[in-house]
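So the structure is just underneath, and the comments pick up after that.
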Amino acid sequence: MGGGPLDHSSRMPIALIDCNNFYASCEQLFQPVLLGKPVVVLSNNDGCVVARSAEARALGIPMAAPWHTLKDLARRHCVVALSSNYALYGDMSARVMRILSQFSPLQEVYSIDECFLDLAGAQPSPTACGRAIHTEIKRLTGLAVGVGLGTTKTLAKFANHCAKKRLEFGGVCPLFEMSTVEADRLLAWAPVRDIWGVGIRLATRLESMGIRTALDLKRAAPSRIRAAFSVTLERTVRELNGEVCLGLMAGPGARKQILSSRSFGQLISDLPPLEEAVVSYATRAAEKLRQQGLLTGNIGVFLRTNPFRTDLPQEDRSLSLTLHPTDDTRIIAQAALKTLREIYRPGFAYQKAGVLLADLVLGVCRTFRPHHVKIAAL
DNA sequence: TCTGGGGTCCTAGGACCC
DNA sequence: TCTGGGGTCCTAGGACCC
C-alpha cells in the first residue's frame, strides 16, 4: 500500500456556495441608501433578528436575538430594522440558483441562499470555476457569495466557513487541493461547534470528552462517536476524513411533511380567533400541497402557550386525524377545525398554533381551489 | 411450566439546519 | 410587553403479529 495513485473519487470536489448575509444584502441591494449601514431583518411579527448586515454584526448584534432586547443599542448606533420580505428574497434566490446551475450538471439547492454543486471535471479546474462563480454572481446580481470546495459535503461546508472567516482566501477556499498539513491547520483553528451538524448541545458534550476543535473531531474514533452519540455524528467524523457519506441530491426530494404555523401577534384565549388562524394555516398548507402535486392522508394541529411566560399556566397539545388522501382545502380546513376543537381548552393564553400535513402521497390535483374559506361554511 | 426472537408500525422526543 | 417559521433525521419504546 502507499505510493499508488490517489483514489480519484476521493479528490472529486463538491462546492458549497452561499450568499453572505443574504436577507440583509437583498435589502441593501434594493435600497442602496442602506449600504454601509447596520441593517437587521426581523422575523414575522418583528420578533427576532434573522439576518444582519456586516455592519450590524460588527456591533455585536447576535443572530436570533429578540429585537426588544436590542432597542437601546439600535438607537445608539442608528441600526435600521426591517420586516422580512420573502417575496424579494425568493426572487433573488431564484436568480442566483439559475446562474449557479450553469456551472455544473448536478446542483442540490439546500436552502434559500445556498447550494451544493458537483465540480468534478470543471474546466479549467474546480478552483478556477469556484473563482468564476464568485465574480459572476457579484457581477450579475450584486450579491457576495462564499465558495468552499471539499471532497465531501461536510468538508465543503467547512471550506465555505473558512472562505468567509479568513480574508486570505478572497471568498473562495479550495480545501480539497490542500495538503493534509494545511487542511489540518485550518481544522485545528476552528472550534468543533463550527462543524456542520454540531449544535450547541453536542459541542458541550464533545468538549467534556476533550474534543474541542474540528481537528479533534476528525481524529476521533468513529466507533467511539457512534457509541457515545449517534450514527449521524459518526458520519460527520467520516466525512471530515474524506469519506463520502452524504450524497448530492438533485432536485428537491419529495416532501414528507408540510407545516404551516405561526406565532400570534398577541396571546389568544378564545376559540373563535384560534379557529380563524387554524383555517388560514390549513388553507396555506393545502396550497403548498397542491403546488407539489401531493395529497395528504394525515392532518395534525398543535396549539401551545408561550413557554417563556413562566408566570402563566402552560399548555402544549397536538392531535392528528387520518383521512382519505386529499388536497381539497375544504376537507383539510374542516379536519383542522375539528381537531382544534378537540384540543382547545379555555383558560390558557395561547401563543402559537399550526397545521401539519403528513402521510403525503403523489396525486392529482382536485378541481376546487378556494383562496379563502369561511368558517361559517364549515 | 417455560415466556423467544424477529419483524412492522406508530408516536414522542431530541437534535440539528437555515 | 416583547423570544421565527420552516424543515430533516434518528432513537426509543409500545403495540401487535407470527
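Note on naming: letters A, B, ... go to the chains in the order of the sequence lines (proteins, then strands), and numbering restarts at 1 for each one. Computed from heavy atoms alone, side chains included, the values below leave out hydrogens, waters and symmetry copies.
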If only side-chain N and O atoms count, and only distance matters, is there a donor-acceptor pair under 3.5 Å linking A:S111 with A:D113?
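A:S111 and A:D113 do have a side-chain donor-acceptor pair below 3.5 Å.
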Are side-chain N/O atoms of A:Q314 and A:T305 paired as donor and acceptor at under 3.5 Å?
yes
Mind checking the OG1-CZ spacing from A:T283 to A:R330? Nearest 0.5 Å is all I need.
12.0 Å
For [X], answer base if it contacts any base atom (sugar-phosphate contacts may also be present), sugar-phosphate if it contacts only those atoms, and nothing otherwise; contact means non-hydrogen atoms under 4.0 Å.
| X | value |
| --- | --- |
| A:F22 | nothing |
| A:L202 | sugar-phosphate |
| A:D113 | sugar-phosphate |
| A:R284 | sugar-phosphate |
| A:S230 | nothing |
| A:D46 | nothing |

To the nearest angstrom, how far is [X] atom [atom1] from [N] atom [atom2]?
| X | N | atom1 | atom2 | answer |
| --- | --- | --- | --- | --- |
| A:L356 | C:dG7 | CG | P | 9 Å |
| A:Q351 | C:dT1 | CD | P | 16 Å |
| A:K157 | B:dC18 | NZ | P | 4 Å |
| A:L16 | B:dC18 | CG | P | 9 Å |
| A:W67 | C:dC2 | CH2 | P | 17 Å |
| A:H68 | C:dT1 | NE2 | C1' | 8 Å |
| A:Q314 | C:dT3 | CD | P | 13 Å |
| A:R205 | B:dG14 | CZ | C1' | 10 Å |

Should B:dG7 form a Watson-Crick or G-U wobble pair with both distances under 3.5 Å, which nucleotide is its partner?
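Looking at the geometry, B:dG7 pairs with C:dC16.
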Both A:R226 and A:K288 contact DNA chain C. Taking the nearest nucleotide for each, which residue is further toward the 5' end?
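It is A:K288, whose closest nucleotide lies nearer the 5' terminus.
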Position toward the 5' end of DNA chain C (nearest nucleotide), A:K71 or A:F229
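Nearer the 5' end of the strand: A:K71.
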Checking contacts here: which listed nucleotide ([options]) is nearest the side-chain heavy atoms of [X]?
| X | options | result |
| --- | --- | --- |
| A:V231 | C:dT11, C:dG4, B:dC16 | C:dT11 |
| A:F308 | C:dG6, C:dT3, C:dT8 | C:dT3 |
| A:C48 | C:dT3, C:dG5, B:dC18 | C:dT3 |
| A:R235 | B:dC18, C:dG5, C:dC10 | C:dC10 |
| A:I258 | C:dG7, C:dT3, C:dG5 | C:dG7 |
| A:L259 | C:dG6, C:dC10, B:dC18 | C:dG6 |
| A:P66 | B:dC18, C:dG4, C:dT3 | C:dT3 |
| A:R309 | C:dG5, C:dG7, C:dC2 | C:dC2 |
| A:S261 | C:dG5, C:dT3, C:dT8 | C:dG5 |

Over 60° means perpendicular and under 30° means parallel, so tell me whether A:W196 and A:Y110 are parallel, tilted or perpendicular.
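Correct class here is perpendicular.
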Can you classify the ring geometry of A:Y86 versus A:Y89 as parallel (below 30°), tilted (30 to 60°) or perpendicular (above 60°)?
perpendicular
Looking only at side-chain N and O atoms, does A:N45 come under 4.0 Å of OP1 or OP2 in C:dC2?
no
Please determine whether side-chain contact (heavy atoms from CB on, under 4.5 Å) holds for the pair A:Y350 and A:R304, giving the CA-CA distance in whole Å, both sets of side-chain angles, and the decisive distance to 0.1 Å.
CA-CA 6 Å; A:Y350 295 102; A:R304 68 152 211 240; 5.7 Å; no
Distance between the C1' atoms of C:dC16 and B:dG4, in whole angstroms?
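One C1' to the other, the span is 16 Å.
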Chi angles and distances behind the side-chain contact (heavy atoms from CB on, under 4.5 Å) call for A:T127, A:F176:
CA-CA 9 Å; A:T127 302; A:F176 83 106; 3.5 Å; yes
